[in-house]
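Working notes for the structure below.
In what follows, chains are A, B, ... by sequence order, proteins preceding strands, each numbered from 1. Just the heavy atoms: all of them, side chains too, but no hydrogens, waters or symmetry mates, feed the values below.
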Amino acid sequence: MFMNDRTQTFTLPIRTADGEFLARYSAEGLCALDFPSGPKAPASTPDPNPAPVPPHVRLWHALTVKALGRALAGQAAGRLPPLDLSCGTKFQQTVWQALSQITCGRNSSYSQVAHAIGRPKAVRAVGAACGANPIPVLVPCHRVLASDQGLGGFSAGLDWKRTLLAREGVRLAA
DNA sequence: CCCTAGCGGTGCT
DNA sequence: AGCACCGCTAGGG
């Protein structure tokens, strides 16, 4: 083989009441989920020359659509497509893995996650890893709060974080 | 309340 | 190697 085995990825839109998300798929599974871009998020420009979407990707996408719909409604996401987290470092993947185990309606803190992965002092690094999470909502980085019960940060904007938490019924201090 | 020091991972030089 | 970021935290005014 030459080195031209381009790892083809597919980007598929998901229309929701909150705007149009974009799901990206690698050969291994869902590798990214993007929040609606603009404030009003007009429909994405259709690809003028779209590559055909393979059946297995369609299947993954169906799972993603369903899971996202439930997650946005504040319910457990249910079955997910395979996740491709290989874009992250070992540390980040460990963190993202830990995030996935925080169940709907519950929450954690950066410090707790740091302890959970056996690096109790890597608290700040955990925060940075959360910010690098390529699959927000489904990998629920929004459930991680500051230890003083503050909101902490959220790369897509704190409004999203507040909204997601509110919908799953998480009660915030203050 | 604010301020600070200390922390660990990551990316850039 | 060094350095400057960071979705942080605990401790001290």
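- The CZ atom of A:F91 sits 15 Å away from the C1' atom of B:dG11 (whole-angstrom rounding).
- Scanning for side chain to side chain donor-acceptor pair (under 3.5 Å) contacts around A:R106 gives an empty result, with sequence neighbours left out.
- Applying the ring pair (Phe, Tyr, Trp, His ring centres under 6.0 Å) criterion to A:H61, with sequence neighbours excluded, gives A:Y25.
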Original post:
Dot-bracket for DNA chain C, 5' to 3', with Watson-Crick and G-U pairs under 3.5 Å, [ ] for crossing pairs and | for other-strand pairs: what is it?
Top reply: ||||||.||||||
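- Across A:L99, A:L164, A:N133, a single residue satisfies side chain to side chain contact (heavy atoms under 4.5 Å, CB included) together with A:H142, and that is A:L164.
- If you check residues 93-105 of chain A against DNA chain C, you find no residue with a heavy atom closer than 4.0 Å.
- With A:W96 contributing its side chain and A:A129 its backbone, the two residues share a donor-acceptor pair below 3.5 Å.
- For C:dC6 and B:dC7, the C1' atoms lie 12 Å apart once the distance is rounded to whole Å.
- Nearest heavy atoms, A:V113 versus A:S108: CG2-OG, 3.8 Å.
- Here A:D148 pairs with nothing under the salt bridge (charged side-chain N to carboxylate O under 4.0 Å, His left out) rule; sequence neighbours left out.
- For A:R24 and A:T11, the side-chain atoms include at least one donor-acceptor pair closer than 3.5 Å.
- The main-chain N or O of A:G74 is never found under 3.5 Å from a side-chain atom of A:R167 such that the two would form a donor-acceptor pair.
- Close to B:dC7, at under 4.0 Å from its OP1 or OP2, lies no side-chain N or O of A:R119.
- Here the side chain of A:R143 pairs a donor or acceptor atom with the backbone of A:I102 at under 3.5 angstrom.
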Original post:
Just by protein heavy atoms under 4.0 Å, how would nucleotides 6-11 of chain C read 5' to 3' in B, S and -?
Top reply: BBBSS-
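- Note that CD of A:Q97 and CD1 of A:I117 are 11.0 Å apart. Values are rounded to the nearest 0.5 Å.
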